[in-house]
**Student:** 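Structure provided below as structure tokens; questions to follow.
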Amino acid sequence: MAKNYHVAVVGATGAVGTQMIELLEQVTSFEIEKVSFLSSARSAGKKKTFRGKEITIEEAKPESFLGVDIALFSAGGAVSKALAKEAVERGAIVIDNTSAFRMDSDVPLVVPEVNEEALKRHAGIIANPNCSTIQMVAALEPIREKFGLNRIIVSTYQAVSGSGISAIRELKDQSRAILDGEEFTPEYLPVKGDKKHYQIAFNALPQIDVFTDNDYTYEEMKMINETRKIMEDDAMKVAATCVRIPVVTGHSESVYIEVEEADVSAKAIQEVLKNAPGIVLEDDPANQVYPQAALSENKKEVFVGRVRRDLDESKGFHMWIVSDNLLKGAAWNSIQIAESLVKLEII
């Protein structure tokens, strides 16, 4: 007899939490008997509708997880660090969408199309990778499996929604102010907690998160370290430059790779991508067909195009990778992990 599950969403009023709830409504791969929507004390008491039933949002506390089977966390790293282990102690499996546990050795970092089997090694907590990492490894893993891979160089063009609702508001407000010839003071981007803030409207900011001692940002180091962990290859050569651009939703990436096999053609890579799970190949330069951030919004897939051989390196290839950062980059990947737990009979 199939089990019915109690699912909790922590951060239910946030952008990703809201997406998680919408996606849970559509789940058919397992039965959801009960949902709990959890948030800060400030949002407790508000109501959300789930499958036609009104659910009251509760303050997230350790006792909130009694009887919960799957807890989806997306309320910030501090909340995850405070409550994730409390949830596990009360019997829940935590799928965490923050950076709190991603690099912990006993926490699987999972993109189901890439390393679903890693879920079998979980000890209560499973980490959802960074949004920019997810779409890149989803596209590159089938290529790595077929032809080998020894170098990745990525430049990202990331939407402001990756920094939250305040960043979206700032982009819109600045755009209106500039078009109306009004003055404004940047307050949020590139990083709320850093010393300086710059205009994002009609601009590109080569800083996402704060800088580390090696002059890479934490976002760039996340992509580097997470890619190696997901691929289980500490020797993989990875470099990243992460840029925030004035787009609301949809991360884009220019990716250069070097494969191990000789005599690989761009067409062969396209064929691999065409048959890869979760990937949509949009690659017809003659007809100006290629992935676009605006067209990826509200879609679960990762879109790949502009696949071409490097002009100087015979094993080098370039491609353009796009995905909705709030869906595949966050909420949808988390729901997929939950579906995989059920499918693999881990829960």
Side-chain angles (χ1 to χ4, degrees), residues 11-22 39-40 42-43 46-48 57 74-77 97-98 130-132 135 154-211 217-220 222-223 240-254 282 288-300 302-303 305-306 320-332:
T13 59
V16 175
T18 298
Q19 290 273 21
M20 287 176 171
I21 292 168
E22 292 176 1
S39 69
S40 65
R42 185 177 64 254
S43 296
K46 294 180 180 179
K47 298 182 185 296
K48 277 185 173 286
I57 298 171
S74 190
N97 191 52
T98 77
N130 190 32
C131 47
S132 48
Q135 65 187 68
V154 54
S155 295
T156 71
Y157 306 79
Q158 294 180 226
V160 295
S161 56
S163 279
I165 293 173
S166 296
I168 297 173
R169 187 181 304 116
E170 181 164 67
L171 169 61
K172 292 181 177 180
D173 289 347
Q174 287 181 8
S175 298
R176 293 189 191 99
I178 291 170
L179 292 172
D180 292 340
E182 299 174 354
E183 297 290 325
F184 62 89
T185 301
E187 297 179 352
Y188 195 86
L189 292 168
V191 183
K192 177 64 174 176
D194 214 342
K195 299 179 287 296
K196 295 181 179 180
H197 302 111
Y198 298 113
Q199 170 185 328
I200 181 61
F202 306 100
N203 198 13
L205 297 173
Q207 180 189 358
I208 299 178
D209 213 325
V210 296
F211 287 95
T217 64
Y218 276 100
E219 181 83 359
E220 290 159 355
K222 285 177 197 174
M223 289 198 74
T241 301
C242 295
V243 181
R244 189 75 72 192
I245 62 170
V247 166
V248 173
T249 302
H251 286 353
S252 304
E253 298 173 346
S254 173
E282 295 182 333
Q288 292 178 266
V289 174
Y290 39 72
Q292 299 175 48
L295 301 181
S296 75
E297 192 169 355
N298 296 321
K299 295 178 182 175
K300 299 173 183 176
V302 174
F303 301 88
R306 298 295 317 280
W320 183 248
I321 302 172
V322 175
S323 190
D324 184 321
N325 53 295
L326 298 180
L327 274 177
K328 181 53 182 170
W332 175 234

**Student:** Grab the two heavy atoms, one from Ile245 and one from Val160, that are nearest each other, plus how far apart they are.
**Tutor:** O-CG1, 3.6 Å
**Student:** Show me the side-chain donor-acceptor pairs of residues 288-300 shorter than 3.5 Å, one per line, residues at least two apart or across chains.
**Tutor:**
from, atom 1, to, atom 2, distance (Å)
Ser296, OG, Ala293, O, 2.8
Lys299, NZ, Leu295, O, 3.0

**Student:** Tell me if a side-chain donor or acceptor on His251 pairs with a main-chain N or O of Ser323 at a distance below 3.5 Å.
**Tutor:** no
**Student:** Quick check: closest heavy atoms across Cys242 and Met223, and the distance to 0.1 Å?
**Tutor:** SG-SD, 3.8 Å
**Student:** Between CG of Leu326 and SG of Cys131, what distance do you get to the nearest 0.5 Å?
**Tutor:** 8.0 Å
**Student:** How long is the gap from CZ on Arg244 to OG1 on Thr156, to the nearest 0.5 Å?
**Tutor:** 8.0 Å
**Student:** Specify the closest pair of heavy atoms between Gln135 and Ile321, including all atoms of both residues, with the distance to one decimal.
**Tutor:** NE2-O, 3.3 Å
**Student:** What distance do Thr249 atom OG1 and Asp324 atom CG have between them, rounded to the nearest 0.5 Å?
**Tutor:** 6.0 Å
**Student:** Among residues at least two apart in sequence or on other chains, which ones pass side chain to side chain donor-acceptor pair (under 3.5 Å) with Asn203?
**Tutor:** none
**Student:** With sequence neighbours left out, write down each residue that passes side-chain contact (heavy atoms from CB on, under 4.5 Å) with Ala331, or none if nothing qualifies.
**Tutor:** Val16, Gln19, Met20, Leu23
**Student:** For Thr98, which residues count as a side-chain contact (heavy atoms from CB on, under 4.5 Å) partner, sequence neighbours excluded?
**Tutor:** Ser80, Asp96, Ala100
**Student:** Minimum heavy-atom separation for Ser252 and Val322, please, with both atom names.
**Tutor:** OG-CG2, 3.6 Å
**Student:** Restricting to side-chain contact (heavy atoms from CB on, under 4.5 Å), what partner residues turn up for Ala12, sequence neighbours left out?
**Tutor:** Val9, Ile21, Phe37
**Student:** If you look only at pairs with a residue in residues 177-193, which of them pass as a side-chain hydrogen bond (donor to acceptor under 3.5 Å, both in side chains), with sequence neighbours excluded?
**Tutor:** none
**Student:** Does some side-chain heavy atom of Pro190 sit less than 4.5 Å from a side-chain heavy atom of Tyr198?
**Tutor:** yes
**Student:** For Trp320, what residues pass the ring pair (Phe, Tyr, Trp, His ring centres under 6.0 Å) criterion, not counting sequence neighbours?
**Tutor:** Tyr157
**Student:** Once side chain to side chain donor-acceptor pair (under 3.5 Å) is applied, do any residues pair with Asn130, and if so which ones, sequence neighbours excluded?
**Tutor:** Ser132, Glu219
**Student:** For residues 165-176, which residue pairs pass the side-chain hydrogen bond (donor to acceptor under 3.5 Å, both in side chains) check, not counting sequence neighbours?
**Tutor:** Asp173-Arg176
**Student:** How many angstroms lie between atom OG1 of Thr241 and atom CD of Glu253, to the nearest 0.5 angstrom?
**Tutor:** 12.0 Å
**Student:** So, using side chain to side chain donor-acceptor pair (under 3.5 Å) as the criterion, who are the partners of Thr217 when residues are at least two apart?
**Tutor:** Glu220
**Student:** Mind checking what makes side chain to side chain donor-acceptor pair (under 3.5 Å) contact with Lys196, not counting sequence neighbours?
**Tutor:** none
**Student:** Where is the tightest heavy-atom contact between Val243 and Ala204, given as atom of each residue plus distance?
**Tutor:** CG1-CB, 4.0 Å
**Student:** Check for a donor-acceptor pair, side chain of His197 on one end and backbone N or O of Val191 on the other, with a separation under 3.5 Å.
**Tutor:** yes
**Student:** For Lys47, what residues pass the side-chain contact (heavy atoms from CB on, under 4.5 Å) criterion, not counting sequence neighbours?
**Tutor:** Glu54, Thr56
**Student:** What's the shortest heavy-atom distance between Ser39 and Thr13, and which atoms?
**Tutor:** CB-OG1, 4.5 Å
